[in-house]
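Notes to accompany the following structure.
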Amino acid sequence: MFKGEDILEFTSKFQTDLDCLFYLAEIKWSQGFTCVKCGHIKHTIRKYNLARDCNRCHHIESPTANTLFHKTRFGLRKAFMIMFEMSASTRGLSSSQVAKRYSISRTTAWSFMHKILIAMKSSNNHPIEGAVQVDEFVYGGKETLKQGRSTDSKKKKIVGAVSITKTGKVDRVYFKRIEDYSSKSLKVIFDEHISVEAKVFTDKWSGYKPIMNTYDITQKDSDNGAEMKQMHTIIHQLKSWLRSIYSWVHKDHIEKYLDEFSFRINRSIFKQTIFHKLCERMVESNHTSYQKLKVSA
Ligand SMILES: [Zn+2]
């Protein structure tokens with residue numbers, strides 16, 4: 001397992017495409033090989049590409065088949081480097097930067113980076129507990145100093161949740177794009193990310209009232225952000241990051257960028273193993289094509 005954030009260690013571990021392929025094969029068949037066609041477990045390993053050749057039906061499966069690495073034509077070493085950079089960088093990368101640095105087309109860079117964003121999507125397995133701040137805000141369109149719930153249709157509406165440690169530090173963050181500020185829309189972030197045991201703080205918006213049936217919610221006056229300081233700091237960071245990297249964020253893509261931002265903040269709990277975790281998620285996710293990504297674009 002690759003650990004840490006040292007780029008020299010990283011490049012010496014992954015010197016060739018075959019090194020990367022070996023790493024993926026170890027993850028994919030960590031529980032042993034079972035043929036996807038016939039269920040047989042005995043197999044032969046092809047030396048030049050580490051594909052598994054089933055001894056019964058002779059179905060051949062490569063380490064990248066049915067993963068997000070499927071048909072990565074520009075080489076796995078470049079793919080690994082891009083993943084490493086995306087997971088380790090605090091500022092994020094644009095697809096045009098990546099295209100230049102790795103001598104690949106911008107479409108290829110965009111497409112692969114979006115696969116990484118899919119893998120970064122939270123698995124929703126660890127709901128946040130303890131003190132949690134929840135707030136809604138808008139991004140894009142004309143920026144005004146006015147706080148609160150804008151109805152400007154050019155702006156993207158987002159709800160965020162931040163869990164706070166006992167010493168007042170940000171623990172984990174999650175964001176969801178919402179269509180409106182109704183209870184039904186706001187409830188989604190509760191269902192997906194917040195434990196019913198959590199002690200939640202919101203502003204005095206009436207949309208949170210019905211959610212109080214299930215959650216322990218304390219409502220406070222927003223007071224120019226004096227309350228919920230951590231949440232407002234995170235929102236500020238998110239907005240300036242979005243502005244610095246993406247000149248134009250389409251509403252159907254913003255969720256992926258929100259996930260990327262959260263992943264990068266939340267990774268501090270598993271900083272040492274972030275690359276490995278990302279690799280595992282890439283192997284576990286079903287492969288998707290540029291065409292499919294474009295449809296959702
Ligand atoms: Zn078979």
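Ligands are counted one by one from 1 in listed order, and the atoms in each one are counted from 1 as well.
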### Query
Are Lys176 and Glu192 close enough for a salt bridge, meaning some N to O gap below 4.0 Å?
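Here Lys176 pairs with Glu192 in a salt bridge, since their nearest N and O are under 4.0 Å apart.
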Is it true that a side-chain atom of [X] and a backbone atom of [Y] form a donor plus acceptor pair closer than 3.5 Å?
{"X": "His43", "Y": "Ile41", "value": "yes"}
{"X": "Lys239", "Y": "Val138", "value": "yes"}
{"X": "Asn266", "Y": "Val173", "value": "yes"}

Show me the pairs that pass salt bridge (Lys or Arg N to Asp or Glu O under 4.0 Å) and involve residues 4-25, at least two apart or across chains.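 For residues 4-25, and leaving out neighbouring residues, the salt bridge (Lys or Arg N to Asp or Glu O under 4.0 Å) pairs sorted by first residue read Glu5-Arg267.
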**Request:** Indicate whether the side chain of Lys169 and that of Gln230 have a donor and an acceptor atom separated by less than 3.5 Å.
**Result:** no
What lies under 2.8 Å from the Zn ion (ligand 1), restricted to protein N/O/S atoms, is Cys35 SG, Cys38 SG, Cys54 SG, Cys57 SG
